[in-house]
Amino acid sequence: MLRSVPGTNDFFGKSKEYAFREPVFRHIVESAQRVLSASGAQTIHTPIFEYAEVLQKGVGTTSDIVVKKEMYTFEDRGGRILGLRPEPTASIVRSYNEHGMKVWPQPVRLFTWGPIFRAERHQKGRYKQFHQVDYEALGSSDPLVDAETIALMVQIYRELGLKHLEVKLGTVGDPEDRLRYNAYLRELFRPHAQELSEDSRTRLESNPMRILDSKSAADQQIASGLGVRPMLEFLGEEARAFHQAVVRYLEALEVGFSIDPSIVRGLDYYVRTAWEVHHANIGAKSALGGGGRYDGLSEMLGGSRVPGVGFGIGIERVAIAMEEEGVEAPTSPSLDLYLAPLDEAAKVEALQLAQKLRPQLQVEIGYSVKKVGKALEDATKKGARYAGLLGQGERMNRVTLKNLASGKQTQVAWNDVARWLGEQAEQPFAD
RNA sequence: GUGAGUGUAGCUCAGUUGGUUAGAGCACUGGUCUGUGGAUCCAGGGGUCGUGGGUUCAAAUCCCAUCACUCACCCCA
């Protein structure tokens with residue numbers, strides 16, 4: 001039997017996996033949408049594929065996504081090299097430039113949601129196709145925007161009922177700070193290059209900061225033995241003041257967070273603010289989302305200088321966290337009425353009555369003639385509140401409505417069904 | 001890319017020291033029940049026992065290979 005590609009998932013109501021239930025997915029997206037819309041952000045949807053160049057420049061040439069070839073690329077019939085987006089920020093910045101959004105009132109605040117692709121070995125909480133809610137604030141370099149962005153992100157998690165959150169705030173400084181820091185690190189580590197892990201030896205030239213958050217015990221031992229000074233000490237005046245401002249604003253907003261200097265965004269072109277949100281008890285893949293400031297990205301994509309800050313929230317990870325915390329799973333909307341035809345003539349009647357009642361009521365029909373007992377059984381299995389029987393005993397545009405919970409039933413004219421069911425709903429304890 | 005674990009029905013699993021035609025529960029379809037459901041009882045459909053090869057009179061079971069899935073490492077969402 002043909003199967004789905006490993007690391008991809010089907011989302012539907014009765015999925016065995018909580019994280020892949022469509023109502024859970026929708027609930028997360030809608031909650032995020034509510035929070036972000038309330039803050040005045042606008043929805044945007046960009047294509048899920050772009051010229052590979054856009055996406056590569058968007059994550060940077062030393063990022064794992066490019067280095068480890070984690071981006072799906074393909075050539076179309078016109079010989080264009082395209083890629084499936086490994087993150088949405090580059091597309092949004094590309095769109096901002098392409099449509100001249102710099103003449104809009106700044107900052108332009110956009111959010112989107114949809115599939116993201118990475119060609120990685122999958123495991124729990126990590127998939128080849130996963131989904132993100134993504135928010136970007138473009139056109140302002142005020143630290144207040146960074147603080148609000150973080151606060152909005154946290155607000156979304158709270159809205160979803162998550163409690164065991166850990167917000168880790170860091171800063172990667174300005175590019176020149178990083179140059180200084182990287183030069184310092186290279187000088188420090190170079191004499192010990194032979195002792196470093198293979199990954200870290202590569203990082204020594206490409207991105208020495210990444211050595212610091214290496215999980216290799218040997219690397220850690222070397223680092224602690226050398227007494228590595230933290231990035232914070234290498235910040236320039238402006239970057240330092242910026243970081244302090246973000247901290248101050250976040251304190252004023254009463255967003256709980258901790259300073260974590262080891263937060264180093266995996267993507268290039270991030271500057272200054274960087275953060276991750278983790279969840280206490282979901283184990284290895286604990287990051288629910290992350291974000292940062294990327295003032296240099298627009299120029300990398302050939303546009304003018306546009307400062308920006310934003311975040312991505314992993315929808316599947318959030319769903320796993322919700323399940324861990326026992327957050328009540330939203331369910332599919334319940335069926336109001338199941339119309340069962342009891343003879344051939346009633347089939348078209350069921351269709352007519354259903355059409356008449358939709359969309360005020362959610363109405364499903366039985367598609368084949370069944371005996372009354374089976375019809376009621378079907379209605380019950382479908383989770384309907386009422387069963388509507390159509391057959392010899394009805395006719396003349398009448399239907400027998402039976403409350404499946406109480407067992408009470410009555411015959412009602414078609415024209416009165418909507419009103420009658422409405423009245424019943426208003427007095428749920430009447431029976 | 002590296003390491004570990006697991007593969008029997010849609011799902012959860014049983015299957016003895018190798019032994020007839022591979023089983024159960026749940027789910028599904030129908031009957032019990034000709035216009036009154038959720039229960040009971042009965043019946044039915046559904047399996048190339050992951051795949052290929054080997055050992056054997058005989059393999060779901062033993063051996064080898066391979067594939068798939070899961071988890072973990074790296075990195076992140």
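Electrostatic pairing of A:E136 and A:R109 does not count as a salt bridge here, judged by no charged N lying under 4.0 Å from a carboxylate O. Salt bridge status for A:E377 with A:K381: present, with a side-chain N to carboxylate O gap under 4.0 Å. Salt-bridge formation is not detected for the pair A:E120/A:K128: no Lys NZ or Arg NE/NH1/NH2 atom is positioned less than 4.0 Å from an Asp or Glu carboxylate oxygen. A salt bridge between A:R180 and A:D177 is present, with a side-chain N of the basic residue lying under 4.0 Å from a carboxylate O of the acidic one. Salt bridge A:E22/A:R26: present, at least one basic N to carboxylate O contact under 4.0 Å.
Separating the CG atom of A:D10 from the P atom of B:G10 is a distance of 16 Å, rounded to the nearest angstrom. Distance, A:E120 CD to B:A77 P: 10 Å, rounded to whole Å. One interatomic measurement links the two molecules: CZ of A:R85 to P of B:A77, which rounds to 15 Å at whole-angstrom precision. If you take CD1 of A:I116 and P of B:A77, they are 10 Å apart, rounded to a whole angstrom. As a whole-Å value, the separation of A:H122 NE2 from B:C69 C1' is 7 Å.
Taking atom C1' in both B:G18 and B:C62, the straight-line distance is 8 Å, to the nearest Å. B:C74 and B:A68 have their P atoms separated by 24 Å, given to the nearest Å. Comparing B:U48 with B:U8, their P atoms sit 12 Å apart, to the nearest whole Å. Taking atom P on both B:G25 and B:A65, the two are 39 Å apart, rounded to the nearest angstrom. Using P as the reference atom, B:U16 and B:C42 are 27 Å apart when rounded to the nearest Å. Nucleotides B:C71 and B:C63 are separated by 27 Å at their P atoms, to the nearest Å. When the P atom is compared between B:U36 and B:C41, the two are found 23 Å apart, to the nearest whole Å. Comparing the C1' positions of B:G31 and B:A39 gives an interatomic distance of 16 Å, to the nearest angstrom.
You'll find the ring centres of A:Y135 and A:F111 outside the 6.0 Å limit. Between A:F11 and A:H131, the distance from one ring center to the other falls under 6.0 angstrom.
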Pairs counted as Watson-Crick or G-U wobble with both distances under 3.5 Å: what dot-bracket string results for RNA chain B, using | for bases tied to another strand?
(((((((..((((.....[...)))).((((.........)))).....(((((..]....))))))))))))....
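Considering only side-chain N and O atoms, A:K371 lies under 4.0 angstrom from the phosphate OP1 or OP2 of B:G31. Regarding contacts with the backbone of B:C73, a side-chain N or O of A:Q123 is found under 4.0 angstrom from either OP1 or OP2. Between A:K16 and B:C26 there is no side-chain N or O to OP1 or OP2 distance below 4.0 Å.
Each of A:Y157 and A:E17 was assigned the nucleotide of RNA chain B with the nearest heavy atom; the assignment lying further toward the 5' end belongs to A:E17. Nearest-nucleotide positions on RNA chain B for A:L390 and A:K374 put A:K374 closer to the 5' end.
For A:T380 against B:G37, a side-chain-to-base donor-acceptor contact under 3.5 Å is present. Side-chain atoms of A:Q129 and base atoms of B:A77 include no donor and acceptor less than 3.5 Å apart. Donor-acceptor pairing under 3.5 Å, judged by distance alone, is present between the side chain of A:R126 and the base of B:C74. Not a single donor-acceptor contact under 3.5 angstrom links the side-chain atoms of A:R121 to the base of B:C75.
Within the cation-pi definition used here (under 6.0 Å to the ring centroid, within 45° of the axis), A:R272 qualifies as a partner of A:F242.
Checked against side-chain contact (heavy atoms from CB on, under 4.5 Å), A:Q392 has the following partners two or more places apart in sequence or in another chain: A:D343, A:R395.
At a threshold of 4.0 angstrom between heavy atoms, the contacts of A:I315 with the nucleic acid are absent.
For A:P6, the side-chain atoms get nearest to B:C69 when compared with the rest of B:A72, B:C69, B:C76.
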